[in-house]
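Report on the following structure.
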Amino acid sequence: MTARRVSTAALVGAGVAHAAPALTALGPVRRRLLPTLCGVGAPGHVALTFDDGPDPRSTPAFLAALERHGVTATFFLLGRMLTDAPGLAREMVAAGHEIGLHGWSHRCLLARGPRATRDDLTRGYDLIGEVLGAPPRWYRPRTGC
């Protein structure tokens, strides 16, 4: 294999690796390539998820409504917002809700480079682990760019 082919293959591989987190937001791609991320659960059950918090202006109302109905949900948090409301995230966990990662900021990952994408995800992942004592299990990419 020539050096040119190797470098082209490396560039294509790097591009796919960079786009992978954002591409998982596309249902058909996710179901085909990563079926375990599809969230297929028990029949008769519904999974409630919320994105972009914790926000002291709205999250408490969601938590109160969920508590009134005896329901738990998964909250996909932004690291940038978590820095302003770590106590609220701890309340979510104490109430039995699951926390997932939505990134550091709400920017389209496809419009950013691989290093910025890695830094965004790592920064949010690490902060959730630091604030809540355990890293998130799930990641939800931003849909739409």
Side-chain angles (χ1 to χ4, degrees), residues 1-55 57-85 88-89 91-93 95-145:
M1 188 176 268
T2 68
R4 184 181 180 125
R5 282 188 181 166
V6 170
S7 64
T8 300
L11 284 173
V12 168
V16 169
H18 164 67
L23 290 175
T24 63
L26 303 172
V29 173
R30 182 177 55 250
R31 282 188 292 280
R32 175 93 170 135
L33 300 178
L34 301 162
T36 59
L37 293 181
C38 287
V40 177
H45 288 85
V46 174
L48 292 176
T49 65
F50 298 92
D51 292 350
D52 304 343
D55 187 335
R57 298 169 299 171
S58 59
T59 302
F62 285 106
L63 293 175
L66 292 169
E67 184 178 5
R68 273 194 310 277
H69 294 284
V71 175
T72 58
T74 302
F75 288 84
F76 289 91
L77 305 184
L78 291 170
R80 180 184 53 75
M81 295 182 79
L82 179 59
T83 61
D84 294 333
L88 188 51
E91 287 179 39
M92 296 164 139
V93 171
H97 302 291
E98 184 174 28
I99 302 299
L101 173 64
H102 198 40
W104 181 262
S105 62
H106 206 258
R107 293 183 57 203
C108 178
L109 297 179
L110 287 175
R112 303 176 78 190
R115 180 173 287 142
T117 297
R118 184 196 67 220
D119 291 348
D120 184 275
L121 298 179
T122 301
R123 193 172 175 195
Y125 180 89
D126 290 346
L127 182 64
I128 290 173
E130 179 184 314
V131 169
L132 301 177
R137 238 177 84 189
W138 303 107
Y139 164 65
R140 173 175 286 160
R142 176 176 181 238
T143 57
C145 290

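- Here the NE2-CZ distance, from His97 to Phe75, works out to 5.0 Å after rounding to the nearest 0.5 Å.
- Counting only heavy atoms from C-beta outward, the side chains of Leu82 and Leu132 never approach each other to under 4.5 Å.
- In plain terms, the two heavy atoms of Tyr125 and Leu101 that are nearest each other are N-CD1, 3.7 Å.
- Interatomic distance, CD1 of Ile128 versus CH2 of Trp104, reported as 9.5 Å (0.5 Å rounding).
- With values rounded to the nearest 0.5 angstrom, Leu78 atom CG is found 6.0 Å from His106 atom NE2.
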task = Evaluate side-chain contact (heavy atoms from CB on, under 4.5 Å) for Glu91 paired with Thr59, printing each intermediate quantity in order.
result = CA-CA 10 Å; Glu91 287 179 39; Thr59 302; over 6 Å; no
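- Closest heavy-atom contact between Gly79 and Leu127: O-CD2, 3.4 Å.
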ask   = Run the side-chain contact (heavy atoms from CB on, under 4.5 Å) check on Leu77 and Met92 step by step: do they pass?
value = CA-CA 11 Å; Leu77 305 184; Met92 296 164 139; 4.1 Å; yes
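- In this structure, the side chain of Asp120 engages the main chain of Ser105 through a donor-acceptor pair within 3.5 Å.
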task = Under the side-chain contact (heavy atoms from CB on, under 4.5 Å) rule, what do Glu98 and Thr72 come out as? Steps first, then yes or no, please.
result = CA-CA 8 Å; Glu98 184 174 28; Thr72 58; over 6 Å; no
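- Side chain of Thr122 to main chain of Asp119: no donor-acceptor pair is present (N/O by atom type, distance under 3.5 Å, no hydrogens or angles).
- With contacts defined as side-chain heavy-atom distances shorter than 4.5 Å, the pair Leu66/Phe50 qualifies.
- Between Ala85 and Pro54, the shortest heavy-atom contact is O-CG, 3.6 Å.
- One distance of note links OG1 of Thr74 with CH2 of Trp138; it measures 9.0 Å at 0.5 Å rounding.
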